[in-house]
Amino acid sequence: MPTNGVVAELLEWDRQYGAYLHPSIEIARNDEAGYHWRATEHIPADTTISVAPHSLTLSYLNALVDDKFTVFKAQRHHFKIESIGFFYLMVQYVNRSTSFWKPYLDALPSPDSEFSTPLWFDDADDLAWIEGTDVLHTMLGRREIYEEYYTSGIRVLSSSGIDTAPYTWDLFRWAITMFTSRTFSSRAIAPQDSKYWTTYKTNAQGQRQTVLLDMSRTPAEDLDFSILFPVQDFGNHSNNARVDWAFDPGRFSIKVNDPVEAEQEVFNNYGPKPNDELLMGYGFCIPDNPFDGVLLTLKPPPLDLQGELHPIHPGYFSSTGEWSSERTTVRLRHPRMFTPETASPSAPASIFHILPEPLLELLLYILRHERGIPFDWIPFPMMHLLNDDGARRYLPHIARMIVQSLMPKLQKLQNADLGEPKNQKQQQAAIYRSGQVTAIEANIAALRTFTRSLLVGPEQQGPRFVTLEGLLQTWHLHSNQTDPGSANVFISGIEAVVGSREVSQWRQAGWEDDILVLALSAIYLDGVAQRQGWTPEYLLDPTPWGLKAAELDMEPEVVARAEGLMEMIRSCAQAGVGGEGSLWRDGRWRAEVIAKVGGRWVEFDGLMMMVPGSDGEGEEARLVVYLHGT
Ligand SMILES: C[S@@+](CC[C@H](N)C(=O)[O-])C[C@H]1O[C@@H](n2cnc3c(N)ncnc32)[C@H](O)[C@@H]1O
């Protein structure tokens with residue numbers, strides 16, 4: 001039947017059952033967007049454009065009361081409710097000549113149309129476009145579930161005597177696609193203040209009849225299902241469309257809040273959906289989608305930490321008590337204010353305000369756990385991290401961990417050699433991919449901007465990252481006035497052993513990391529670190545004096561390296577650097593102290609960072625260490 005005839009029959013059927021489509025709206029069709037609503041003349045703001053009675057809907061509820069296809073009611077417990085919806089739509093399609101929904105089924109995209117949801121990416125060339133992306137991962141997970149629905153559903157149909165030959169996997173995929181791309185929530189037909197849900201069936205006389213279903217014993221998750229709402233689902237999506245959906249008893253209406261000019265498309269708004277959701281469910285993506293984001297799946301924390309987390313976050317675990325990657329996947333929004341080009345905001349820590357709080361919380365627990373700090377429930381993790389002095393020191397580590405999780409994703413996206421998209425599937429995937437790249441880049445840029453904002457001069461107050469020379473300058477500036485020379489004495493000691501006062505020479509000689517460990521241990525012994533509040537929590541308890549290597553629970557190589565540094569200290573003491581009471585002669589020096597203080601400080605608070613070059617030109621990767629300070 002020509003398109004016009006299909007639409008005319010659909011609208012006639014719609015009207016016959018009490019639906020209403022505004023007289024200034026027609027259902028038009030084009031190759032890009034398929035069927036859509038179009039204004040034939042000006043439509044004023046606040047106009048109700050479409051009203052439809054619940055009696056037109058198609059969902060698993062209809063399947064449960066259908067007298068012609070009783071398999072669903074009889075075998076209800078062999079199906080998931082989602083699967084009943086898919087099978088019921090297939091049954092209606094296969095038997096559409098006698099279906100109540102015939103005009104609607106005729107107007108739906110036919111099963112042999114080209115669909116661009118990832119479930120239809122069968123060719124290797126198409127699949128390459130989603131390789132390594134979240135969408136592929138989600139699609140594979142969903143497909144496994146759908147295949148299981150299909151196999152078990154076909155078995156049930158067959159054992160009920162139904163000829164299953166027409167019920168192909170492709171028709172099942174079509175039914176799934178119709179549901180995911182046109183679905184409304186069961187909220188649209190939920191009863192108000194009643195345990196009875198209304199559904200409809202065709203009786204023996206061929207008339208539509210209301211049936212009340214007592215759903216009081218239905219589990220809550222089975223009350224949240226998808227419904228098809230003929231004609232209400234012919235509007236395409238725009239993020240900019242301001243529309244209201246009204247759920248009144250027995251009917252569902254859509255109202256446009258803004259005027260629409262003649263000949264313009266009248267858009268619906270499916271909600272603030274990121275491109276991965278749009279691609280998965282609807283098969284299209286929006287360039288520069290403001291709701292785009294990137295998914296991050298957290299690695300399972302160590303088992304003993306999982307044990308502490310289980311009572312406070314049971315939702316992170318499967319019903320059998322295992323850590324669930326699916327339930328601990330979070331979405332990082334595209335931080336629009338931080339693009340790689342403009343990443344110099346005045347408040348760099350503001351990126352943390354838009355990161356998902358469960359992510360911040362979990363990383364905080366992991367960092368504390370790595371540092372051997374006993375578990376303590378933190379009720380408001382975001383506030384704690386941003387406002388508590390002790391906790392703010394974790395922010396650069398959280399930034400680093402997130403950047404490290406995002407980098408492989410970015411590299412996979414950027415390294416793929418795909419050429420130009422050749423079909424609709426590839427075009428939509430290309431939009432999705434580029435949205436992923438920009439969202440990841442913007443998050444990385446924002447987090448790096450924050451980390452770099454901590455690279456400040458020694459005279460400035462507050463938390464900072466320091467290179468070895470930065471540490472020595474900061475130490476010098478904050479040395480106790482009664483003992484002003486400890487930083488100098490330290491440098492003189494190194495000079496006595498290495499033969500130079502220049503950090504650049506120490507680097508060339510391969511001593512930089514060790515001297516940083518030693519310098520941090522020295523500022524701890526000197527007391528300046530504690531006075532300035534630089535000392536991390538994990539060093540304070542217990543204090544290192546008198547600890548044995550075994551009690552430190554450190555790798556033997558770390559302790560052996562610290563033993564090597566003790567040689568240097570002994571040489572300085574013997575050479576008399578700094579005189580009788582100098583830090584080199586401090587009786588508390590022991591390999592365990594160096595390992596516990598400097599070693600741990602570098603291990604937990606050190607990282608490689610691009611910093612301005614020591615020759616004043618360009619940038620170079622340097623080991624920096626975090627001093628909290630206030
Ligand atoms: C609810 S239906 C809308 C009616 C549909 N165009 C049709 O032909 O029946 C949703 C489908 O319309 C298409 N669509 C909706 N909004 C779109 C948009 N902004 N860009 C491209 N396609 C869109 C997609 O194919 C989507 O799966």
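For ligands, and for the atoms within them, numbers begin at 1 and follow the listed sequence. Because only heavy atoms are used, hydrogens play no part in the values below, and waters and symmetry mates are left out as well, while side chains stay in.
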Student: Quick check on ligand 1: any N or O pairs to the protein under 3.5 Å? One line per pair.
Tutor:
{"unit_1": "ligand 1", "atom_1": "6 (N)", "unit_2": "Ala33", "atom_2": "O", "d": "2.7"}
{"unit_1": "ligand 1", "atom_1": "6 (N)", "unit_2": "Tyr35", "atom_2": "O", "d": "2.7"}
{"unit_1": "ligand 1", "atom_1": "6 (N)", "unit_2": "Asn236", "atom_2": "OD1", "d": "2.8"}
{"unit_1": "ligand 1", "atom_1": "8 (O)", "unit_2": "Tyr35", "atom_2": "N", "d": "2.8"}
{"unit_1": "ligand 1", "atom_1": "9 (O)", "unit_2": "Arg182", "atom_2": "NH1", "d": "2.9"}
{"unit_1": "ligand 1", "atom_1": "9 (O)", "unit_2": "Arg182", "atom_2": "NH2", "d": "3.0"}
{"unit_1": "ligand 1", "atom_1": "12 (O)", "unit_2": "Asn236", "atom_2": "OD1", "d": "3.2"}
{"unit_1": "ligand 1", "atom_1": "14 (N)", "unit_2": "Asn236", "atom_2": "OD1", "d": "3.3"}
{"unit_1": "ligand 1", "atom_1": "16 (N)", "unit_2": "His237", "atom_2": "N", "d": "2.9"}
{"unit_1": "ligand 1", "atom_1": "19 (N)", "unit_2": "His237", "atom_2": "O", "d": "2.9"}
{"unit_1": "ligand 1", "atom_1": "27 (O)", "unit_2": "Tyr282", "atom_2": "O", "d": "2.7"}

Student: Does a donor on one side chain and an acceptor on the other come within less than 3.5 Å for Tyr88 and Gln92?
Tutor: yes
Student: Please say which of Glu263, Gln264, Glu261 ends up in a side chain to side chain donor-acceptor pair (under 3.5 Å) with His42.
Tutor: Glu261
Student: Once side chain to side chain donor-acceptor pair (under 3.5 Å) is applied, do any residues pair with Asp288, and if so which ones, sequence neighbours excluded?
Tutor: none
Student: Does a donor on one side chain and an acceptor on the other come within less than 3.5 Å for Asp126 and Trp120?
Tutor: no
Student: If we count only N and O atoms by modelled type, under 3.5 Å, do the side chains of Ser110 and Asp112 hold a donor and an acceptor together?
Tutor: yes
Student: For the pair Asp123 and Lys422, find out whether any cationic side-chain nitrogen is under 4.0 Å from an anionic carboxylate oxygen.
Tutor: no
